[in-house]
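Following: one structure in structure tokens, then a few remarks.
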Amino acid sequence: MQFARLNGVVIHHQVIGAAPDKPTVVFANSLGSDFRIWRDVIVRMVGDFGLLMYDKRGHGLSEAGAGPITMDDHIDDLAALLDHFESRNAIICGLSVGGMIAQGLAAKRPDLVRALILCDTGHKIGTPDMWDARIAAINEQGIAGISDMILERWFTPEYRSADNADFCGYRLMLERTPVEGYTGTCAAIRDADFTASSAALDVPTICVVGDKDGSTPPSLVGDLARLIPGAMYQEIPGAAHLPCIEQPVILADVIKSFIARLG
């Protein structure tokens, strides 16, 4: 395990190196998950790319810090992590809130970003009332009290089987997310709107979405692709909100094909 104190919080991360001439791909995970969601994608990329995964603040083994969590906190944490490794021109692959962090990083620190892979995300996700209701429900019931509703959006019905040990494991990952990290990030998403800044981005981008995503549906991700100048768009069949888990082979191929186009 690897840890670094950045912006006053300890951030858990993992680096898998490659030859100096290989591009670096950075993976930013979704709300209620940690970087283990990328495992089956990463194993198909080892050696061809430098790889950096991390748990955003308040998730996995990273500290939440004191006070409210803002989207700027998440963006600044990723910037600090890349600065820590003196990484420039990284390819940022972000899922859900990780995709929002990626958009914010590209706008705030374009020197760090060579390209964007935006998975199952949007320039604005949900409504304030929706996020306030989720925060209230978790404060009252805990994450386990609403996990069924979340998991219905994360995974296809076929995957959500009690006989599927992987599904049971990911349920535990969600339910064991620190409450302050989860609700703090809900508030960060609620207050974030990248409509203007993402419309002004000048970076190669592909927007990817599971065709059965119930959290950030193809219509929203399609709107994002139309918003970002020159962005590509691709749906992944047989996946909901987390194609890195349900369809890792397809997603890895999409990522590698996109990077190959960068030259």
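Side chains are part of it too, since the values below use all heavy atoms of this structure and drop only hydrogens, waters and symmetry mates.
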- Message: Does the plane of the ring in H13 sit parallel, tilted or perpendicular to the ring in H84? Use 30° and 60° as the thresholds.
- Response: perpendicular
- Fit a plane to each ring of Y170 and Y159, take the angle between them on a 0 to 90° scale, and name the class: parallel (under 30°), tilted (30 to 60°) or perpendicular (over 60°). tilted
[X] and [Y]: same hydrophobic cluster, using ILVMFWY side-chain contacts below 4.5 Å?
| X | Y | result |
| --- | --- | --- |
| V15 | I37 | yes |
| M100 | I69 | no |
| L262 | I206 | yes |
| M71 | M130 | yes |

Please tell me if the side chains of [X] and [Y] come closer than 4.5 Å, counting only heavy atoms from C-beta onward.
| X | Y | result |
| --- | --- | --- |
| I91 | V113 | no |
| Q14 | I16 | yes |
| M232 | V208 | no |
| L31 | I189 | yes |
| I255 | F258 | no |
| V26 | C93 | no |
| D34 | L61 | no |
| L251 | W38 | yes |

Does a side chain donor of either [X] or [Y] reach within less than 3.5 Å of an acceptor in the other side chain?
| X | Y | value |
| --- | --- | --- |
| N7 | D77 | yes |
| H59 | S33 | no |
| Q103 | S197 | no |
| T70 | D72 | no |

- Item | Polar side-chain atom of S147 near backbone of E175 as donor-acceptor pair, under 3.5 Å | no
- Task: Using the side chain to side chain donor-acceptor pair (under 3.5 Å) rule, pick out the option among K56, R57, H74 that qualifies with T185.
- Result: H74
How long is the straight-line distance from [atom2] of [Y] back to [atom1] of [X], given to the nearest 0.5 Å?
| X | Y | atom1 | atom2 | result |
| --- | --- | --- | --- | --- |
| R39 | M53 | CZ | CE | 12.0 Å |
| L95 | L242 | CG | CG | 5.5 Å |
| I92 | L82 | CD1 | CG | 5.0 Å |
| F27 | M45 | CZ | CE | 4.5 Å |
| S96 | D120 | OG | CG | 7.5 Å |
| L78 | L52 | CG | CG | 7.5 Å |

- Query: Where do T205 and I228 come nearest, in terms of heavy atoms and distance?
  - Reply: OG1-CG2, 3.9 Å
- Task: Run the numbers on S30 and H241 for side-chain hydrogen bond (donor to acceptor under 3.5 Å, both in side chains), then give the verdict.
- Result: CA-CA 9 Å; S30 60; H241 192 54; 5.5 Å; no
- Transitive ILVMFWY cluster of V209, excluding itself - 4.5 Å side-chain cut-off: V221, Y233
- Set of residues satisfying side-chain hydrogen bond (donor to acceptor under 3.5 Å, both in side chains) with respect to D148, sequence neighbours excluded: R171
- Task: Given salt bridge (charged side-chain N to carboxylate O under 4.0 Å, His left out), test E246 with K212 step by step and report yes or no.
- Result: CA-CA 11 Å; E246 289 199 88; K212 296 177 176 62; over 6 Å; no
- Query: Taking everything shown except R176 itself, do over 12 heavy atoms lie less than 6.0 Å from its CZ?
  - Reply: no
- Item | Partner residues of M149 under the side chain to side chain contact (heavy atoms under 4.5 Å, CB included) criterion, sequence neighbours left out | R134, I146, R153
- Does the pair K22 and D48 meet the rule for a salt bridge (charged side-chain N to carboxylate O under 4.0 Å, His left out), with working shown? CA-CA 7 Å; K22 302 294 186 182; D48 294 327; 5.0 Å; no
- Item | Given R114, K108, R109, the one that forms salt bridge (Lys or Arg N to Asp or Glu O under 4.0 Å) with D111 | R109
